[in-house]
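All figures in this text were calculated on a predicted structure; none of them were measured in a lab. Reckoned from all heavy atoms, side chains included, excluding hydrogens, waters and symmetry mates.
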Amino acid sequence: MKSTKIRFCGTFLAIALAGMGTAAHAQDTLKIGVLATLEGALTVSGQDGMRGMELAMRQHNFTAGGKKIEVIRASSTGQPDTAVNAARKLVEQDKVAILIGPLSGSEGIAVKDYAKTQPNVIFVNGSSAAQETTLKDPASNFYRFSTDGAQWSAGLGSYVYNDKGYKKVAVVAEDYSFPYAQVQGFMIEYCKAGGKVTDKQWVPLGTKDYSSVIAKLPSDVDAIYVALGGSDAVNFFSQYEQSGGNKPFIGGSITVDQTVLSYKGKRRDALVGTPAAGPTADSWDDAEWKKFVQAYRDAKFDNAYPTPGLFAHAYYVNTKAVLAGLDAVNGDVGKLGQQLATMTVDTPTGPVKLDENRNGVANIFLTEVAKGDNGALYNRVVKITPNVTQTLGLSKDEFAKMGFGTRTNPECK
């Protein structure tokens, strides 16, 4: 009887100790969800976003604030409903404490709204860049260190009017919130300089046949402003070439990203000289940027680009902010929000701080597409605009009077 009792007690003690070990492990491990678009037209963009996140995690040894980080990945299609469904699974089933993502503009607005229903979870942007995500009815637990699409256009409008001599342009852009912001950011400067936008054509995300769009483009414009990403941009450029089109392009930020510049085709050489603006520039002669590029290359990711694209950069910057914030608060997620809202993050493209809506204020790069000795296309730095705010240099009242970018706002025909 005694030996039986001792064995029972020993078994009970072992179970108790095992339970304590499990609890200790749970306390020492932090679940972070990462959501990117890995299906549909923006698949390659999502893949590069994941590479940026992975690089930041590797550099931090998948630990922060004294805790081991368990990364749980999720995918969307670029559509808001799929992004929210994926976010809901990460938060409500996988029980992540922090969610990094999503990738695309309208997805960001939808996830921001979902964040309001989960006040104890920290949401940090991936690369989504719609203005409304943080500028209209923001969520107190949603943070964006990677700026928005209108900010990404800083410097472009005045440059193409004054330096390139493009007095009249047409627009071809995807029909959702991010391109609306890109076009607005471009047009604010372009129209003020005296330029005219005589035609806008909005196309669904994932469009494959651009023949009717190309046929409608006016012949009397000096250039075409293109705000298409991923396979949409590749399809448009290829079909425009086949149609005999010869107008120069002005690039939206994602239109001249490495996810597009790395495609193969004759028309790609016609992109040389294309002006654009965005949060990165491939050829920036800065020590921190060069270090980032080298680390991206050294990581030897499958299907990686010659330099990290803006999606890799955005996910890297936002992930780095999370990790630095966790270090600062010793892993206490309850204190992380306040830390993120007030900290300055050193990034490969300069320091980033958040405004009162928890949106990034950062450097924006004016670029032109160039061709390297190895034949690869890259974005050459023309000018850097520092500390670009979400209202693009306008007062809050001036920006509010103008309103958000839409299919019809702004206009300057």
Side-chain angles (χ1 to χ4, degrees), residues 19-36 52-54 56-74 83-102 107-128 133-135 137-146 314-347 351-361:
M20 289 173 63
T22 302
H25 175 74
Q27 291 175 350
D28 292 336
T29 300
L30 186 64
K31 289 184 179 181
I32 296 181
V34 183
L35 169 60
M53 175 278 298
E54 176 80 15
M57 289 290 184
R58 287 187 191 182
Q59 290 178 336
H60 234 73
N61 297 316
F62 285 85
T63 61
K67 295 190 176 185
K68 181 180 179 181
I69 294 172
E70 178 185 351
V71 174
I72 303 176
R73 302 175 187 231
V84 170
N85 288 340
R88 183 175 288 115
K89 179 184 181 298
L90 287 170
V91 171
E92 298 175 27
Q93 294 183 32
D94 299 319
K95 304 297 183 182
V96 301
I98 302 164
L99 191 153
I100 299 171
E107 291 183 316
I109 298 171
V111 171
K112 177 267 303 251
D113 289 337
Y114 172 67
K116 294 176 182 177
T117 71
Q118 302 293 328
N120 295 323
V121 177
I122 297 293
F123 290 77
V124 179
N125 193 56
S127 60
S128 67
T133 305
T134 54
L135 196 54
D137 194 20
S140 61
N141 56 335
F142 190 102
Y143 307 80
R144 176 162 62 190
F145 290 84
S146 50
Y315 272 81
Y316 178 88
V317 165
N318 282 299
T319 303
K320 183 175 181 180
V322 168
L323 299 173
L326 285 169
D327 280 344
V329 298
N330 297 316
D332 186 345
V333 177
K335 298 178 180 178
L336 180 59
Q338 179 62 24
Q339 177 63 28
L340 293 175
T342 56
M343 67 191 289
T344 296
V345 180
D346 292 323
T347 82
V352 179
K353 60 182 179 180
L354 301 187
D355 63 18
E356 64 273 18
N357 292 325
R358 293 161 298 283
N359 187 83
V361 176

Side-chain donor or acceptor of Asn141 paired with backbone N/O of Val121 under 3.5 Å
yes

Ion pair Asp137/Lys112, N-O distance below 4.0 Å
no

Pairs involving residues 323-336, ordered by first then second residue, that meet side-chain hydrogen bond (donor to acceptor under 3.5 Å, both in side chains) (sequence neighbours left out)
His60-Asp327

Would you check if there is a donor-acceptor pair between the side chains of Thr134 and Asn357 at a distance under 3.5 Å?
no

Answer whether the closest heavy-atom distance between the side chains of Lys320 and Thr347 falls below 4.5 Å.
no

Would you sort out whether Asn359 and Leu135 count as a side-chain contact (heavy atoms from CB on, under 4.5 Å), showing the intermediate values?
CA-CA 8 Å; Asn359 187 83; Leu135 196 54; over 6 Å; no

Please enumerate all residues that pass side chain to side chain contact (heavy atoms under 4.5 Å, CB included) together with Gln339, with sequence neighbours excluded.
Ala328, Val329, Met343

Going by the rule side chain to side chain contact (heavy atoms under 4.5 Å, CB included), which residues pair with Val71 if we only count those two or more places apart in sequence or in a different chain?
Val34, Met53, Met57, Phe62, Ile69, Arg73

Minimum heavy-atom separation for Leu35 to Ala83, with atom names?
CD2-O, 3.5 Å

Does any part of the side chain of Gln93, heavy atoms only, come nearer than 4.5 Å to the side chain of Leu90, both counted from C-beta?
no

pair Ile72-Val96: side-chain heavy atoms closer than 4.5 Å
yes

Which heavy atom of Leu340 sits nearest a heavy atom of Ala321, and at what distance?
CD2-O, 3.5 Å

Would you find a donor on one side and an acceptor on the other, under 3.5 Å apart, between the side chain of Arg144 and the backbone of Ser128?
yes

Going by the rule ring pair (Phe, Tyr, Trp, His ring centres under 6.0 Å), which residues pair with Tyr316 if we only count those two or more places apart in sequence or in a different chain?
Phe292

Ser127 and Ala314: which non-hydrogen atoms are nearest, and at how many Å?
CB-CB, 3.5 Å

Residues at least two apart in sequence or cross-chain that pass salt bridge (Lys or Arg N to Asp or Glu O under 4.0 Å) with Asp94, listed by chain then number, are Lys89

Salt bridge (Lys or Arg N to Asp or Glu O under 4.0 Å) against Glu70, all qualifying residues, sequence neighbours excluded
none

Has Asn318 got a side-chain atom pairing as donor or acceptor with Val124's backbone, closer than 3.5 angstrom?
no

Under a 4.5 Å cut-off applied to non-hydrogen side-chain atoms, are Thr344 and Val352 in contact?
no

Between Pro351 and Asp346 the two heavy atoms that sit nearest each other are CB-OD1, 4.1 Å

Give the minimum heavy-atom separation between Ser146 and Asn125, together with the two atoms involved.
OG-ND2, 3.1 Å

Which heavy atom of Ala56 sits nearest a heavy atom of Thr319, and at what distance?
CB-CG2, 3.7 Å

If we only count heavy atoms from C-beta on, is the Ile122 to Leu99 side-chain gap below 4.5 Å?
no

Does the side chain of Gln118 reach to within under 4.5 Å of the side chain of Val91, using non-hydrogen atoms?
yes

Once you measure the plane-to-plane angle for Phe142 and Phe123, does it fall in the parallel (<30°), tilted (30-60°) or perpendicular (>60°) bin?
parallel

Please confirm whether the backbone N or O of Val361 pairs with a side-chain atom of Asp355, one donor and one acceptor, at under 3.5 Å?
no

Distance from Leu354 atom CG to Phe145 atom CZ, nearest 0.5 Å?
4.0 Å

Just checking Lys116: does its NZ atom have more than 12 heavy atoms from other residues, nucleotides or ligands closer to it than 6.0 angstrom?
yes

